[in-house]
Amino acid sequence: MTALHDAILRDVTLRDGLQLTGKALDVQTRVDLARTLFAAGVPELEIGSMARPDLVPPMAGSLDVVAELTPEELERCWIWVATPRHVEKAIAAGARNVQYCFSASDAHNKANIGRLTEDSVAAMPRAIDMIREAGGRIQLCIATAFTCPFDGPVDPARVRGIVADPRTVEADDIVLADTLGQAHPAQVSDLFRTVDAAGRRLVFHGHDTWGMGVANSLAAIEAGAHMVDGALGGLGGCPFAPGASGNTSSEDLLFATRPDYLTPKLLGMLVEAGETLLAELGETSRSKTAQGARSKASAFEWVIGGTGQ
């Protein structure tokens, strides 16, 4: 069991948050946002993807973002990859950490990556060897760990089997993704309690389609997750998963977990960063915390302009 305040937030705005938007952000804007997130105390970020730009246009320039960040910053950043070739290109650009992702369900893996799940598993040892040679870290990310948009419910035994597969066990972390945001807290808790992490860090990546993003994240933490993913304003979704909407809001996750570094001022800084980003993209915030921070309850320290500001 992980204490709520000890859980690490990884902000994924610059990857999963941006990939469904209709407007691409230039490289410098993305670099500036990464540094704003770091300045606000967010410990780890997902900053881009090796997905083909013709299929996911907002991810174009991800390697240019990598090139602009310092080695120290890149130690805290992750790049989404799906093949050993992706790993090779990311390393060549200077990336240190990669999230090797594929789906538990064959149907979504074929839609998202163009191959069967078994093919992705079979290629993972090469990806692990490459990142080890570069001195970096690699995560095993299992998308559609709960439900698939094409096949429906996913058998938890299939997820547990992928985690325990000898070809994946050398990963540093295990990310279990509620890609569609259809899971509920008891379901999340059950899976996290029954997955054998074998000393690896457990991560929950949740979407808020059915309003369970924060509840599911807290259930994952209480069941042993060390990290949870979120995006500013609840931005994002999967372009290859019909029905998937935004990520769990980073602001909401921070307000719920209260990590030691979080202060009302830093939370206000993130709310304002999210507002600026969403305005530029023409998107609406889904964050309840961001709404609350703009309320008139000035006696509450977490309200922007209140006693804690």
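Any value given below was found using the heavy atoms of this structure, including those in side chains, with hydrogens, waters and symmetry copies removed.
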Atom pair CG (L140) and OG1 (T168), whose distance is rounded to the nearest 0.5 Å: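 The OG1 atom of T168 is 5.0 Å from CG of L140, to the nearest 0.5 Å.
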
Calculate, to the nearest 0.5 Å, the distance between atoms CZ and NZ belonging to F150 and K110 respectively.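 It is 11.0 Å, given to the nearest 0.5 Å.
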
Side-chain touch L33/R30, heavy atoms, less than 4.5 angstrom: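 No. Closest side-chain heavy atoms not under 4.5 Å.
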
Flag the pair N247 / L235 as yes when at least one side-chain heavy-atom distance between them is below 4.5 Å, and no otherwise.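 The answer is no; the side chains never approach within 4.5 Å.
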
Please assess T29 against D32 for the test side chain to side chain donor-acceptor pair (under 3.5 Å), listing each intermediate value before the final yes or no. CA-CA 5 Å; T29 298; D32 291 344; 5.6 Å; no

If we count only N and O atoms by modelled type, under 3.5 Å, do the side chains of D11 and S250 hold a donor and an acceptor together?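 Note: D11 and S250 side chains meet the donor-acceptor criterion.
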
Do R115 and S120 have side-chain N/O donor and acceptor atoms under 3.5 Å apart?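 Side-chain D/A pair, R115 to S120: absent.
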
Measure across A34 and L14 and return the closest heavy-atom pair with its distance rounded to 0.1 Å.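 Scanning both residues, the minimum pair turns out to be CB-CD1, 3.8 Å.
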
For the pair [X] (side chain) and [Y] (backbone), establish whether a donor and an acceptor sit closer than 3.5 Å, ignoring hydrogens and angles.
| X | Y | value |
| --- | --- | --- |
| T209 | Q182 | no |
| N216 | A183 | yes |
| S189 | P185 | no |

Taking it one step at a time, do S249 and R286 satisfy side chain to side chain donor-acceptor pair (under 3.5 Å)? CA-CA 7 Å; S249 157; R286 301 179 180 94; over 6 Å; no

May I ask you to say whether [X] pairs ionically with [Y], meaning some side-chain N is under 4.0 Å from a carboxylate O?
| X | Y | answer |
| --- | --- | --- |
| K288 | E251 | no |
| E44 | R201 | yes |
| R258 | D6 | no |
| E118 | R167 | yes |

Can you list the steps and then say if S287 with D252 is a side chain to side chain donor-acceptor pair (under 3.5 Å)? CA-CA 6 Å; S287 170; D252 294 355; 2.9 Å; yes

Can you check salt bridge (charged side-chain N to carboxylate O under 4.0 Å, His left out) on R132 and E170, steps first, answer last? CA-CA 10 Å; R132 290 286 181 261; E170 294 302 319; 5.2 Å; no

Working for salt bridge (charged side-chain N to carboxylate O under 4.0 Å, His left out), residues R35 and E68: CA-CA 11 Å; R35 288 179 171 152; E68 290 296 321; over 6 Å; no

Does the pair T248 and V214 meet the rule for a side chain to side chain contact (heavy atoms under 4.5 Å, CB included), with working shown? CA-CA 6 Å; T248 307; V214 172; 4.0 Å; yes

Check the pair H207, D16 against side chain to side chain donor-acceptor pair (under 3.5 Å), reporting the backbone distance first and the verdict last. CA-CA 10 Å; H207 287 246; D16 202 7; 3.3 Å; yes

May I ask you to check if R10 and W78 form a cation-pi contact, with NZ or CZ under 6.0 angstrom from the six-membered ring centre and within 45° of the axis?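 Flagged: R10 positioned over aromatic ring of W78.
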
Give a yes or no on whether E272 atom CD has more than 12 heavy-atom contacts from other residues, nucleotides or ligands under 6.0 Å away.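 Counting neighbours around CD of E272, more than 12 heavy atoms of other residues, nucleotides or ligands fall under 6.0 Å, so yes.
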
